[in-house]
Participant: 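Got a structure for you, questions after.
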Amino acid sequence: MSFWPEEFAARYRAAGYWTGEPLDRMIRVHAAADPARIALTDGDRHWSYAELDRRADLVATGLLARGLRRGDRVVLQLPNTAEFFELFFGLLRAGVVPVMALPAHRRAEISYFCEFAGARALIVPDRHAGFDHRELAADVLAAVPALGEVLVVGDPGPYTSVAELRAAEAAPVQDPPRADELAFLQLSGGSTGLPKLIPRTHDDYLYSVRESAVICGLGPETVYLCALPAAHNFPLSSPGTLGTFHAGGRVVLAPNPSADAAFPLIERERVTLTGLVPPVALAWADAAAQAPHDLSSLELLQVGGAKLSAEGARRLGPALGCRVQQVFGMAEGLVNYTRPEDDEQTVLTTQGRPISPDDEIRIVDDHDHDLPDGATGHLLTRGPYTIRGYWRAPEHNAEAFTSQGFYRTGDVVRRTPTGHLVVEGRAKDQINRGGEKVAAEEVENVLLAHPAIHDASVVATPDAYLGERSCAYVILREGAERPRAAELRAFVRQAGLADFKVPDKVEFVTAFPQTGIGKVSKKDLRATTPQP
Ligand code: OOB
């Protein structure tokens, strides 16, 4: 299967973007050149490149010994621990395709990933952040009997320990994956009922990682703090942990992105670089004024995942004593960065420009007509690391991509004369809750299953801290007693959705405003006065 039309693939190879190198080779290369160099710090565990490389080999051998085969899928749900990387690289090395779930995902999401991906295994921690992932796994096994096995990092309970998975001795992989093949499946923030899976190849992903590392000036002296969930595209690849490994630097893992967790790590490990979502970055700026920690090693703070206001951007550098970079990216591909050489105004007021000279950018009106320079419109993009289609979703792809293969990002942007993009809004039916993406329809579908609910519509409401929160507007069935908002929120949670998808607010109304053609007008809904 080819992911890009041959004409484009040939072009990207000829330009030197796609090098035919598998993603995990970066570990092997440093392990050979400088085996004792530290790759990874997780608490008081420090793994060298040689250690990480050896562990990845043992996992790859173990996976194949258990009967997994190149091309099989495995759902990987691990927090920011060293094992995340051991398993990620081990899976890649065996050609087994991880589905990159987030620790916040719950029964509904994980079951769906396992089912839809036809996963052979699910990998979870024993417990994380007060939640028992083995219980989650039990629910998932009940819902998806075809799921072969559950592998647990830590105390396995009734399941198999990852310790058992590691082979005693590494054997060479007989049938290693090719770089133009599927490396892993990322998750889409989504705007429709169910999350989409994003097929990323070694070739395309490595290009974005390598080039990101160059743009952000990474080198062997880089110490990257991974504070956001490691599986997310931003901390994984922009340039993130993989960019740091590629450059031969060191990754430090934070259990969560709070200043309380991160500041002592920055001081102790002399962290030079990290990436945050806007609300967390602004909370760090506030906390820094009070904190006794020495943050002077921090050189660059990247902020992305949601829009950073110019006022917010202005505060960050002085408060944290570092440079700031805006990052506007998406798991589907395209990533934009402000550059070190950009003037201050550009860094504060734009979301950056694309990684690649071959990232094609179109800004169009509602009818796909290109708009004049400087106009605000829908962002479409195509390029050497932007997917041409979601995994096994032909119907959705017909809408999400143009006939020419441009991805419809759902973002509304404007381009400055220097080629920098300014995110002005969003056309997709999604709530961006401080960087966490909520597909309105996914939550609406759950609410519609409630016996008292006739219709539901979920929209974003502005929020001083998160940027946006979610509000569910609900029309009750005739004669139904009005449930309490807390009960409806609990209903969504019990349906097995991640916590961040539970509506922050519930409002009861008797009708939804309509657009000209009779669809719910979410724009007008946001301005609706709810019933007392
Ligand atoms: C990143 O990836 P996703 O897949 O979670 O979300 C992508 C969407 C974008 O389409 C856009 O709507 C929004 O998140 N977004 C931003 C933004 N960065 C992302 N909106 C405004 N300003 C920004 N700086 O969020 C992601 C992936 C790689 C690197 C960075 C972020």
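Note that this is a predicted model, so its numbers are computed, not measured.
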Participant: Any side-chain donor paired with an acceptor under 3.5 Å for S258 and N256?
Facilitator: yes

Participant: Who passes salt bridge (Lys or Arg N to Asp or Glu O under 4.0 Å) against R477, sequence neighbours left out?
Facilitator: none

Participant: Among residues two or more places apart or on two chains, list those pairs meeting side chain to side chain donor-acceptor pair (under 3.5 Å) that have a residue in residues 99-114.
Facilitator: E109-K501

Participant: Which side-chain N or O atoms in residues 486-496 pair as donor and acceptor under 3.5 Å with protein atoms at least two apart or in another chain?
Facilitator:
| unit_1 | atom_1 | unit_2 | atom_2 | d |
| --- | --- | --- | --- | --- |
| E487 | OE2 | H450 | NE2 | 3.4 |
| R489 | NH1 | P503 | O | 2.4 |
| R493 | NE | D499 | OD1 | 2.7 |

Participant: Restricting to salt bridge (Lys or Arg N to Asp or Glu O under 4.0 Å), what partner residues turn up for R200, sequence neighbours left out?
Facilitator: D204

Participant: So, S237 and Y205: side-chain donor and acceptor under 3.5 Å apart, yes or no?
Facilitator: yes

Participant: Report the residues that fulfil side chain to side chain donor-acceptor pair (under 3.5 Å) with D524, sequence neighbours left out, ordered by chain and then residue number.
Facilitator: S521

Participant: Check whether the side chains of E332 and Y390 place a donor and an acceptor atom closer than 3.5 Å, and report yes or no.
Facilitator: yes

Participant: Can you name the salt bridge (Lys or Arg N to Asp or Glu O under 4.0 Å) partners of R314, sequence neighbours left out?
Facilitator: none

Participant: Under a plain distance cut-off of 3.5 Å, with no hydrogens placed, do D411 and H378 share a side-chain donor-acceptor pair?
Facilitator: no

Participant: Please work out which of the three classes, parallel, tilted or perpendicular, describes the rings of F263 and W284, given edges at 30° and 60°.
Facilitator: perpendicular

Participant: Quick one: do R127 and D155 make a salt bridge, cutoff under 4.0 Å?
Facilitator: no

